[in-house]
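The next block holds one structure in the form of C-alpha cells; read it before the comments.
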Amino acid sequence: MKKYEVRPETSVTRQKDILAELNESQREAVTHGEGPLLVIAGAGSGKTKTLVCRVAYLVSQGVPPESILLLTFTRKAAEEMLRRAAALSDPRCERVTGGTFHSFANTVLRKYADLIGYDRSFTILDRSDSHDLVGFIREEMGFSSRTVRFPKKETVADIISKSVNKNLTIEDVLTIDYPHFSYLADDIEKIAVRYATLKREKNLMDYDDLLTNLKLLLVEHPDVRRNLSESFRYIMIDEFQDTNRIQAEIAYLVAETHRNIMVVGDDSQSIYSFRGADFRNIMDFPRVYPDAKIVFLEENYRSTQPILDLTNTIISQAAEKYPKKLYTRKGGGNPPWLVATPDEHMQSVFVADRILEIHEDQGVPFSDMAVLFRAAYLSFDLELELAKRNIPYRKFGGFRFMETAHVKDVLSVLRIVVNPQDEISAGRAFRLLEGIGKRKASSLTKILAESGSLEEASRALTEVKRSDDCKSFAELLLSLSRANLPVSEMVGRVVNFYRPIMEKKFDDYPKRLKDLEQLEILAERYRSLNSFLTDVVLEPIESSVADMTATDRETDYLTLSTIHSAKGLEWHTVFIIWVLDGKLPTMKSAEDFAQLEEERRLLYVAATRAKENLFLTYPMNIYDRATQMVLSKPSRFIEGIPRNILPRYTVYEYQDSF
C-alpha cells in the first residue's frame with residue numbers, strides 16, 4: 001500500500017507556483033515592491049499574464065485584496081484577469097476592485113457627488129440619451145430650422161465629447177475632424193455650454209462627465225483624495241498607452257499618498273489618438289515619477305524571429321520610443337514577403353491564391369488567417385475576389401461593401417438603368433430627391449416599372465415642381481440611357497449627381513466620398529454595367545453580416561479587418577494589403593508629424609499580429625483622385641528595409657503565348 005503525506009499550503013508554495021512559468025523580466029515586474037513601476041510590454045510578450053501574476057503575488061504577500069485597484073479598458077478584461085489570479089493563487093483575488101475608469105468613477109461619485117453639486121442619485125446618460133439631449137438643445141436654440149446647414153445631433157455630441165476627451169477647443173476639433181463645419185464653431189460652443197448647464201440642473205452625467213467630475217472631486221477635495229489613496233494602496237493600469245489625459249491625471253491623484261502605481265503598456269502600439277488616447281501619457285510617466293522603475297518585456301511568445309526582425313526594424317525608426325528589441329526562443333520561420341502587384345485587382349488575386357494555397361497545402365484553417373488594411377474601403381476589391389472563389393470571410397472595423405448606405409444609394413440608380421422594372425432600387429433612388437416623399441416615389445416607380453422606359457420616368461420627373469434635384473436626376477437618367485458610356489464614366493456621373501445629396505445626408509461625407517471613389521476604380525475593370533452590378537451585388541442587400549460572410553454550417557472563415565480592430569489579436573498567417581505610400585501612411589498624416597508617427601505604429605501593430613507567415617502587398621501605379629497623384633512606392637516605413645529582412649517580389653499576370 002502506497003503511503004502519502006499531506007502538507008499544508010503556505011504562502012511560500014503559492015509564490016513559487018505564481019512565479020514558476022515567468023521569465024526573468026516578468027518576474028521582476030511581478031515581485032516589484034513599493035513605488036512607481038512602468039512595464040513596457042512588447043507585442044506578444046505576456047502582458048496579461050504579468051498583470052494576473054502581480055495581483056496573485058500581492059495577495060499571497062498578505063496585501064488585502066480590497067486595497068488593490070486594477071483598471072482595464074473593459075469590465076470583461078478585468079473580470080477575466082481576477083478570475084485567473086484566483087485560480088492561480090487565492091480565491092480572495094476576486095475581491096480585488098477591478099474595472100474600467102468609468103466604472104471606478106461611478107462608484108466613487110455615488111459616495112461623494114454632493115461635494116461637487118450633484119445629488120448622489122444622478123442619472124447616467126448613455127450615448128443615445130446624450131444625442132437626444134443635444135438634439136433638444138439644438139432645436140431649442142433654433143439651429144435645426146435655420147437655412148444654413150447645421151450638423152446632426154450625433155455629430156454635435158461627438159464634437160463636444162472629443163473636445164472634452166482631447167482637452168481641445170470646439171474650434172480645434174472642427175479644424176481637425178470636421179473642417180467643413182469650422183464656420184459654426186461659435187454656435188456649437190453655445191450648444192456645449194447649454195448642454196453642460198442642463199446636465200447639472202437635471203442631475204445628469206454622460207460618460208465624459210464621470211471622468212471630468214471625478215477629477216474635479218479629487219482636485220477640489222484633498223480629504224477625499226487622501227481617503228481614496230489610502231484605501232487603494234496598490235494601483236495597476238492596463239494598456240496605459242490608450243489612456244487619455246484625464247484618466248492619467250486621475251490615476252496620479254489616487255496614487256498620491258503611496259505612489260504604488262504600476263502602469264503596463266506599449267508605446268509602439270499607441271494607435272487610438274482619434275478616440276482621445278494620449279501618446280504622451282506613457283512617454284511622460286518617468287517625468288511624473290523620476291524614481292520609477294522601468295521593466296521591459298521583450299521575449300515574444302507569438303511570432304517567429306524573421307517576423308520580429310521586421311517589426312523591430314519598422315519601429316526602430318520611430319522618432320520617440322522606449323528602446324526595446326523583441327526576440328523569441330521559437331526556432332525556424334520564413335522571412336516576411338513584400339509583394340508588388342500591377343494593380344489592385346492583381347493584389348486581390350495574389351492574396352486569394354495564397355490563402356487557398358496555405359489552406360489546402362499547409363492545412364491552415366481560414367479562421368487562422370487574416371487580411372488587414374488601413375481603412376475599410378480598401379478591401380472592396382478583395383471582397384469581390386473572395387466571393388468569386390467561395391472563400392468564407394467576416395469583416396470587422398467598418399461596413400461591408402454592400403452595407404454602406406451611400407454605396408447602396410449610388411448602386412440603386414445604376415440598377416434601374418440596367419433594369420427599369422427593379423422597383424426596390426427605383427424606390428430608393430427616387431426617395432433621394434428633394435421634394436419626393438413616399439407617395440410620389442411610389443408613383444414614379446410605377447411609371448418606370450410599367451413603361452420600362454427611363455425617358456418616361458425622366459418626363460415625369462421634370463413635371464415635379466420646385467425641385468432642382470428632380471430635373472438634374474431626369475437629365476442624368478437620359479444621359480445614362482442614351483449615351484454609350486464606359487462603365488466607370490456611368491458610375492462617375494451618378495457619383496457627381498449624388499455628391500451634393502450625400503453632403504446633406506451625412507455629416508461625415510468626406511470619408512464616405514472615399515468609398516465612392518473606390519467604386520469608380522472598381523468599375524474601370526468592366527465593359528458591361530450589368531456584369532459590374534452582378535459582381536458587386538453577389539448577395540442580396542437585405543442579408544445580415546452573418547448571412548453574407550458564412551453560412552450556419554461554415555464556422556471556418558477568413559478575417560478581414562482594419563488594423564485598429566485587429567489590435568490584441570493574432571493569426572497564423574497575416575496579409576497586410578495596400579502598404580502603399582499615400583495609403584499607409586495616408587496622404588493627410590504625412591502633413592502632421594504626430595499623425596505620421598502613429599501611422600508607423602499602425603504598421604507595427606499589424607505586422608506583430610502574425611505568428612508564422614506575413615505578407616505585405618501593394619499595387620503599383622494607383623491614381624489617387626483626391627490628390628490627383630499617381631501612387632507607386634511602397635510605404636516609406638518599409639522602403640529602405642534590407643532585403644535579407646524583407647525580400648521583394650513582383651507579381652506579373654501570366655500571358656498564355658498559345
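In what follows, every heavy atom counts, from backbone to side chain, and hydrogens, waters and symmetry copies are set aside.
- No donor-acceptor pair closer than 3.5 Å links the side chain of Glu79 to the backbone N or O of Lys76.
- For the pairing with Trp337, the ring-ring contact (aromatic ring centres under 6.0 Å, His included) check across Tyr649, Tyr618, Phe575 returns one residue only, Tyr649.
- For the pair Ser25 (side chain) and Phe296 (backbone), a donor-acceptor distance under 3.5 Å is present.
- The salt bridge (Lys or Arg N to Asp or Glu O under 4.0 Å) test with Asp581 is passed by exactly one of Arg636, Arg374, Lys633: Arg636.
- Environment of CD in Glu24: sparse, with no more than 12 heavy atoms of neighbouring residues, nucleotides or ligands closer than 6.0 Å.
- Ionic pairing of Glu80 and Arg83 is present here: one or more N-O contacts between side-chain nitrogen and carboxylate oxygen are shorter than 4.0 angstrom.
- Annotation: side chain of Arg275 is not in contact with side chain of Asp242 (no heavy-atom distance under 4.5 Å).
- Nearest heavy-atom pair, Ile577 versus Leu378, reported as atom, atom and distance to 0.1 Å: CD1-O, 3.8 Å.
- The backbone N or O of Asn312 lies less than 3.5 Å from no partner atom in the side chain of Lys325, so there is not a single donor-acceptor pair.
- At distances below 3.5 Å, at least one donor-acceptor pair connects side-chain atoms of Thr100 with backbone N or O atoms of Ser103.
- Summarising the geometry, atom CG belonging to Leu558 is positioned 12.5 Å from atom CZ belonging to Arg389; distances are rounded to the nearest 0.5 Å.
- Nearest heavy atoms, Ile576 versus Ala607: CD1-N, 3.7 Å.
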Can you list the steps and then say if Gln362 with Asn613 is a side-chain contact (heavy atoms from CB on, under 4.5 Å)? CA-CA 11 Å; Gln362 300 179 30; Asn613 296 324; 3.8 Å; yes

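- Inter-residue side-chain proximity for Leu631 and Met587 is flagged as met; some heavy-atom pair is nearer than 4.5 Å.
- With Thr328 contributing its side chain and Asn300 its backbone, the two residues share a donor-acceptor pair below 3.5 Å.
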Stepwise, does the side-chain contact (heavy atoms from CB on, under 4.5 Å) test hold for Glu239 with Lys567? CA-CA 11 Å; Glu239 302 286 11; Lys567 186 174 177 291; 3.4 Å; yes

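- Taking CG of Leu382 as the start and NE2 of His345 as the end, the distance is 10.5 Å to the nearest 0.5 Å.
- Under a 4.0 Å N-O distance rule, the pair Lys324/Asp266 qualifies as a salt bridge.
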Go through the steps to decide whether Leu88 and Cys53 satisfy the test side-chain contact (heavy atoms from CB on, under 4.5 Å), and finish with yes or no. CA-CA 8 Å; Leu88 176 64; Cys53 290; 3.8 Å; yes

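- Of the inter-residue distances, the one linking Phe637 atom CZ with Leu602 atom CG reads 8.5 Å to the nearest 0.5 angstrom.
- The closest side-chain heavy-atom distance from Val371 to Leu386 is not below 4.5 Å.
- With hydrogens and angles disregarded, no donor-acceptor distance shorter than 3.5 Å links the side chain of Arg302 to the backbone of Ala43.
- Residues Gln247 and Leu71 are not in side-chain contact: their nearest non-hydrogen atoms beyond the backbone lie 4.5 Å or more apart.
- Taking Asn621 as the reference, Val630, Ser632 meet the side-chain contact (heavy atoms from CB on, under 4.5 Å) condition, with sequence neighbours excluded.
- Lys588 has no carboxylate O lying under 4.0 Å from a charged side-chain N of Glu599, or vice versa, which leaves the two without a salt bridge.
- Note: Arg354 CZ to Phe615 CZ = 4.0 Å, rounded to the nearest 0.5 Å.
- If you run side-chain hydrogen bond (donor to acceptor under 3.5 Å, both in side chains) between Thr243 and each of Asp278, Asn281, Asp238, only Asn281 comes through.
- Nearest heavy atoms, Ile641 versus Arg648: O-NH1, 2.9 Å.
- Side-chain contact between Gln241 and Phe279 is absent, with no heavy atoms from C-beta onward closer than 4.5 Å.
- Counting heavy atoms from C-beta on, the side chains of Ser270 and Ile282 never come closer than 4.5 Å.
- Put simply, the side chain of Glu597 gets close to the backbone of Ala319: a donor and an acceptor are under 3.5 Å apart.
- Residues satisfying the salt bridge (charged side-chain N to carboxylate O under 4.0 Å, His left out) test with Asp158, not counting sequence neighbours, are Lys162.
- Considering only heavy atoms from C-beta on, Glu21 stays 4.5 Å or farther from Gln26 through its side chain.
- Atom OH of Tyr322 and atom CD1 of Ile294 lie 5.5 Å apart (nearest 0.5 Å).
- Contact of the Glu520 side chain with the Ser488 side chain is not registered, since no non-hydrogen atoms from C-beta on lie closer than 4.5 Å.
- Panel note: side chain Ser565, backbone Thr562; no donor-acceptor pair is recorded below 3.5 Å.
- Closest non-hydrogen pair, Ser528 versus Val487, comes out as C-CG2, 3.5 Å.
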Do Arg601 and Asp267 pass the salt bridge (Lys or Arg N to Asp or Glu O under 4.0 Å) test, and can you show the C-alpha distance, the side-chain angles, and the key distance before you say yes or no? CA-CA 9 Å; Arg601 297 193 292 270; Asp267 54 298; over 6 Å; no

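- By the neighbour-count criterion of 12 heavy atoms within 6.0 Å, atom CZ of Arg75 is sparsely surrounded, having that number or fewer from other residues, nucleotides or ligands.
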Test side-chain contact (heavy atoms from CB on, under 4.5 Å) on Glu385 and Gln347 and set out the steps. CA-CA 10 Å; Glu385 189 64 27; Gln347 176 181 244; over 6 Å; no

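- Once rounded to the nearest 0.5 Å, the distance linking CG of Leu513 with CD of Glu517 reads 4.5 Å.
- Considering every non-hydrogen atom in both Gly568 and Arg609, the closest pair reads N-NH1, 3.3 Å.
- No side-chain donor-acceptor contact under 3.5 Å links Asn244 to the backbone of Gly276.
- Residue Ile271 comes nearest to Glu598 through the heavy atom pair O-OE2, 2.9 Å, listed as atom of the first residue, atom of the second, then distance.
- Judged purely by atom type and a 3.5 angstrom limit, Thr313 uses its side chain to pair as donor or acceptor with the backbone of Asp309.
- Using a 4.0 Å cut-off between a side-chain N of Lys or Arg and a carboxylate O of Asp or Glu, Lys330 and Glu612 qualify as a salt bridge.
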